[in-house]
A.B. asks: 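Sending over a structure as structure tokens; questions will come in a sec.
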Amino acid sequence: MDPVTIDTTKIKPAKKKPETALEKLEDTGLINTVLAAKEREGLILFSTVDQIINWARLSSLWPVTSGLACCAIEMMAVAMAHHDIARFGMEIFRASPRQADLMFVAGTVTKKMAPRVKQLYEMMPEPKWVIAVGACASTGGPYHESYAVLKGVDLIIPVDVYIPGCPPRPEAWLYGVIQLREKIKNEGYGAKWGLNK
Amino acid sequence: MIENAYQLIVYVLTLLGVYEWIYGIFQSFGIDYVLQIIIVFVEIVILFAFVLVTVMFLTWMERKVVAMVQSRYGPMVTGPRGLLQPVMDGVKLIGKEDIIPAKADRWIFTLAPFIVFIPALLVFIPLPFGKSLIISDLRVGLLYIIAISAMSPVALLLAGWASNNKYSLMGAMRAVAQDISYTIPLALTAIAVVMFTGSLSTVDIVNAQGGTWFGIIPKWFIFIQPLGFILFLIASIAEMGRIPFDFQESESELVAGFFTEYSGMKFAMFFLAEYAHLFAVSGIIVTLFLGGWEGPALPFIPVQLTSLVIFLIKTYAVIFFAMWLRDTVPRVRIDQLLNLGWKIMVPLAVLNLLLTGFIVVAGVI
Amino acid sequence: MNAAEELKRLLPNAVVSTGIQINKPLAVIRKEELLKVAEDVKEMGFDHLSVITGIDYTDRFEVVYNFFSYGKKQNLVLKVILGHDNPEIDSLTTFWKGADWLERETYDLVGIRFTGHPNLTRILLPEGWIGHPLRKDYDMKTEQFVMLGEDGEDVVSTDGSKLLRRK
Amino acid sequence: METEELLLNMGPVHPSTHGVLRFKLRMDGEIIKECNIVMGYLHRGTEKLGEMKTYLQFTPYTDRLDYISAFPNNYAYAKAIEELAGIEVPLRAEYIRVLTMELNRIINHLVFMGSLLMDLGAATMIMWGFREREKALQLFEMLCGARMTFNYIKPGGVRDDLPDGFIPKLNEFLKDMEKRIDDYEQLINENEIFLMRMKNIGVISAQEAINYGLTGPALRGSGVSYDIRKLEPYSIYPDLDFKVCVQSEGDSFARYMVRVDEMRESLHILRQVVDTMPEAKIVAQAKYGIAPMTGMPSAVSTYFPRIFAPPAGEVYSRIEAPKGELGFYIVSDGTTKPYRVKIRSPSFCNLTAIPRMVVGLKIPDLIAAFGTIDVVLGDVDR
């Protein structure tokens, strides 16, 4: 294994020239690509493909329609006119988990519901993300002492972003979504496929 | 006289002065039929590319129209006004895991999206997008369109059955029942139009609608066939399976209907086929009742271009209507839909046919 | 004369005592006579069965029925006292359909059996749950997990290793 | 040809069930032969928690029962304790309570209309409904800082007085809302398809409705003129002028219409409350309790003791929540924690009638009928 090392001196002049355009580029994340590629010591080409795929993935996160409890009402509020999650291209709530990318675990996960939540998660195709919304989904929240409540959905499925609150405000919700977008932006699929080695 | 897209391409190449040269090269090898094949291939690629881009645009438009009605913004972040959204959706769907359920029929499950998708594109072949902008003016164009559209219930049934899922099966059953019962009024009203033109060719139908009465009212069939137009519109919305007739995939009842189990690219094909169908049906409505590409010609601009623009404006108007309808009305029940189809639409279509017959025989128009 | 006293006049054997439970007439009745009392109560016009409550007093169980009459606009509270071992009581589903789920719920959470109930199964907790949570001696320490069995139905177990990602 | 019965499972995560509920349907083609409801997917053991917490600690849990309309839940619980301990509530507090509850009733019905129409396939109404809901939620935020789970009504009063500028904003909302209800009616009520889907669907007679224990709008849709606000007046309702909205048909459309009328009636009540609200600044009284009262008494009002113990006894107290009769059966043994809290939730009891209503109908009708019963799963499973 001989990783291709990037000579940073070669990249620098290209980066430095357009001062104003650079800021715009940073927004699109292309600079991050180069930096990330450098970090992973991988090929720039594959990382750029990564970046485009990641951009596509973060731009079209389709959540699965599954509300569990109180937070589901705030989920509706987020999708409705006032907060309008459609701006991020997320208004396509797919009823079938097969077509969804993202699961909001919106509310208390009870013991009886837990295997179903897990099943729902397993039915979603890769790549998939999970946002645990509210105190209940994160830790059990106010129902932590109850006999019938699972103490955090991360006990059964991996969670990418936690949004605190009981229930979280729609603004908090949107912030959580933006955090997830940031996370996806920095994911390296090239690394996952073994192309960068 | 340029009649179809093939001749148009040849004409354009001739204008550019390269056709003779290319033809000469091919002829020197004695394979000039290869050139014909290449040109046909090129025009089909152009058509399909055009349709696919339109379809992508339609998904964006649908989301924007819905948002507009619901006092929202719709996609905003990805690209200017969210215009890149459909591209992103497409790229994402290509990258998704492709799941075939364990108990599904693998072959049919894989085949079904293609059987839906390909006819949805084939419908465009005899559709005149503008003057001489037609792949092939089949002499039985209308019959071809109706026959090709009748393929889709078969594919939906295959998809629903192969998924081995109860929701899928019920969705497929509904889709088939719905398609069959609405193809009949659809065909009957189309026949009424054919009785005026005396031809099944789409080009003849459009040509018959050229000109005006009294210099103001265009000679569109909507004015002679108002009942026929309404019936055709309702029947085609039903056949497209859009709200208020979208039981094949009614979310609140059957999760996602016949494509509940589909993921990734296969799902995308259903999705694209749906919008291709919407575009095609709107185009057919325009061709049959709204005068097709007929409209005012402008000086100095090629008639092909103006007619294409006119055709697209009319088609988008119909599409906008369908989208608008989707946001304002609830869904009907399946039995109510079938009742409407068999007990009201079919008799009315027959009545329309009878009246048209009288008018044609009497020679009033 | 309030409804409880009227009931005592009608069925002196069945009613143990009458009283007032914060501006609602209360009658404590004998467990064996419940069906007879229910019939009379229904005839008296108490057509709305508001709620059935089961209470665990560690030495006894009490089942409380709250009735309301739309015609007379009156309340009536019936109370039945049961022994602590194997509490059983007649079901009222034949008189009030609404009692169906209320009784199932009481069975589920408090563990009082209703004889004559058409479908006395657990309603809120999955079948096979150990113990009745609203009893005072319910073991809150042991965690119980639900998993999906072969046929998609719930299987309860105290071992959650199949469900949980980590211990 | 051989036919087979189809067993269809709807839920627990199904787009039309308003939360996690499961219908087990035995179908003959599209026709429902038998409907079994499996619930408990949101059973959080609230009643057991009631026994483990002190009286005031339990108030937040009542918010999370029927999370769409949390104020009436708060109030029902507070009222039960007040009856148990014989607490008198200052008049202004009662006015504020009624104000919040009626506002909440409007919100509840907006969400009901939206989700019903969404289940029927028209997505626009829910957007419009939530647009107005958002405005009302801003009012609630002014009041107590929370959007959905308020914890505002306490035994003995309310947590705080109305903030400055609340009443003008409320008046604005009321004026706006009146026009909006007309808008909704125009969008929905004259729609042929909507009528086709709702009329004569899920019919239940008055007799049966009572026998099944239906309450609230579901019962009034069957022609029973019954409203706890009138029959067992509580709070300041005896002083207010309002009528009970009744429809006689007993079908889905009647239940829907009752709710639309109730929204208008709530607006009427709100206007009266705003007009006649007393000026006195006292919003809470606390004369009870065994534990020392903690915290500084403020100049405006008295304060709530963190811990208190009502006298031993039992009480069943009920109110007319937006969804029906909401009751709390509280047993006190004289300590600081309730001995038993039993919640009589309207959704749970109303749901009993669904299997009876939908036999012989089709799946889309099940969704329409279920939508008009208007349940919240937090309230069903508790």
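Just so you know, these numbers use all the heavy atoms, side chains as well, and skip hydrogens, waters and symmetry mates. All chains are named by letter (A, B, ...) in the order of the sequence lines, taking the proteins before the strands, and each is independently numbered beginning at 1. These numbers were taken from a predicted model, which means no experiment stands behind them.
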A.B. asks: Rounded to the nearest 0.5 Å, what separates atom OG in B:Ser263 from atom CZ in A:Arg94?
C.D. replies: 11.5 Å
A.B. asks: Which pairs pass salt bridge (Lys or Arg N to Asp or Glu O under 4.0 Å) with one or both residues in residues 164-180 of chain A, sequence neighbours excluded?
C.D. replies: A:Arg169-A:Glu171, A:Arg169-D:Glu141
A.B. asks: So does B:Trp161 have more than 12 non-hydrogen atoms from other groups sitting under 6.0 Å from CH2?
C.D. replies: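 Atom CH2 in B:Trp161 is not crowded, with 12 or fewer foreign heavy atoms closer than 6.0 Å.
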A.B. asks: Are side-chain heavy atoms of B:Glu97 and A:Pro127 found at a separation under 4.5 Å?
C.D. replies: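 No, too far: nothing below the 4.5 Å cut-off.
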A.B. asks: Report, as yes or no, whether the 6.0 Å neighbourhood of atom CZ on B:Phe114 holds more than 12 heavy atoms from other residues, nucleotides or ligands.
C.D. replies: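 No - once you tally the heavy atoms of other residues, nucleotides and ligands closer than 6.0 Å, there are 12 at most.
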A.B. asks: If I take atom CD1 from residue B:Ile99 and atom CE from residue A:Met124, how far apart are they, to the nearest 0.5 angstrom?
C.D. replies: 9.5 Å
A.B. asks: Need one label for B:Gln85: side chain, backbone, both or neither, based on atoms under 4.5 Å from any heavy atom in chain A.
C.D. replies: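 It is the side chain, since no backbone atom gets that close.
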A.B. asks: Just give me the residue among B:Leu93, B:Thr260, B:Val91, B:Thr78 that pairs up with chain A most often, heavy atom to heavy atom, under 4.5 Å.
C.D. replies: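 The candidate making the most pairs under 4.5 Å is B:Thr260.
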A.B. asks: Using non-hydrogen atoms only, which part of B:Leu84 is less than 4.5 Å away from chain A: side chain, backbone, both, or neither?
C.D. replies: side chain
A.B. asks: Determine whether B:Lys92 and A:Trp62 make a side-chain contact, defined as any pair of heavy atoms from C-beta on separated by less than 4.5 Å.
C.D. replies: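 Yes, their side chains come closer than 4.5 Å.
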A.B. asks: Who pairs with B:Arg63 by salt bridge (Lys or Arg N to Asp or Glu O under 4.0 Å), at least two apart in sequence or on another chain?
C.D. replies: A:Glu91, B:Asp89
A.B. asks: Just how far is it from atom CE of A:Met80 to atom OG of B:Ser71, taken to the nearest 0.5 Å?
C.D. replies: 11.0 Å
A.B. asks: What is the minimum heavy-atom distance between B:Met88 and A:Ser60, and which atoms define it?
C.D. replies: O-OG, 4.1 Å
A.B. asks: Might you confirm whether atom OH of A:Tyr175 has over 12 heavy atoms from other residues, nucleotides or ligands at distances under 6.0 Å?
C.D. replies: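 Atom OH in A:Tyr175 is not packed in, count stays at 12 or less.
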A.B. asks: Counting neighbours of CE on A:Met76 that are heavy atoms of other residues, nucleotides or ligands and sit closer than 6.0 Å, is the number greater than 12?
C.D. replies: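 Yes, because the 6.0 Å sphere around CE of A:Met76 holds more than 12 heavy atoms from other groups.
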A.B. asks: When rounded to the nearest 0.5 angstrom, what is the spacing between NZ in B:Lys266 and CD in A:Gln99?
C.D. replies: 12.5 Å
A.B. asks: Is it the case that atom OH in B:Tyr73 sees more than 12 heavy atoms from other parts of the structure closer than 6.0 Å?
C.D. replies: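 Count not over threshold, so no.
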A.B. asks: Treating A:Arg98 as the side-chain partner and B:Phe267 as the backbone partner, does any N or O pair qualify as donor plus acceptor under 3.5 Å?
C.D. replies: no
